[in-house]
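Okay, so here's the structure we're looking at.
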Amino acid sequence: MNILITGSKGFIGSNLKTSLKEDNYNIIEFVKEDSLELLEEKIVNSSIIFHIAGINRTKNNELFE
């Protein structure tokens with residue numbers, strides 16, 4: 001099974017990735033440096049998506065709304 005994790009480098013995403021790898025799932029990662037075209041390709045090839053990406057540190061409070 002292919003599992004896509006957005007935000008896979010963050011605290012929650014990295015721990016989820018580690019746990020799922022122990023159960024022999026194929027992990028597909030999407031990180032902020034990846035393009036939207038690559039995201040579309042990864043979505044098509046995924047059975048399950050965990051969307052965990054988000055902003056957790058910013059000087060612009062409007063980004064939290």
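For this chain, numbers begin at 1 and follow the sequence in order.
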Test item: Ser35 side-chain N/O and Leu38 main-chain N/O as donor-acceptor pair under 3.5 Å: yes

Cluster check Leu16, Phe11: I/L/V/M/F/W/Y, side chain < 4.5 angstrom: yes

Within 6.0 Å of CD1 in Ile52, more than 12 heavy atoms from elsewhere: yes

Pairing residues for Ile48 by the side-chain contact (heavy atoms from CB on, under 4.5 Å) criterion, not counting sequence neighbours: Met1, Ile3, Phe50

Selection residues 4-19 - residue pairs positive for side chain to side chain donor-acceptor pair (under 3.5 Å), sequence neighbours left out: Thr6-His51, Ser8-Glu29, Lys17-Glu29

Apart from Val31 itself, residues in the same hydrophobic cluster as defined by side-chain heavy atoms under 4.5 Å: none

Salt bridge (Lys or Arg N to Asp or Glu O under 4.0 Å) contacts in which one or both residues fall within residues 39-49, not counting sequence neighbours: Asp34-Lys42

Atom pair CG (Leu36) and CZ (Phe30), whose distance is rounded to the nearest 0.5 Å: 6.0 Å

Which residues share a side-chain hydrogen bond (donor to acceptor under 3.5 Å, both in side chains) with Asn45, sequence neighbours left out: none

Ser46 to Leu4 - nearest heavy-atom pair and separation: OG-CB, 3.2 Å

Heavy-atom closest contact (Gly7 atom, Ala53 atom, distance): N-CB, 3.7 Å

Pairwise side-chain contact, Leu20 with Ile5, heavy-atom cut-off 4.5 Å (strictly under): yes

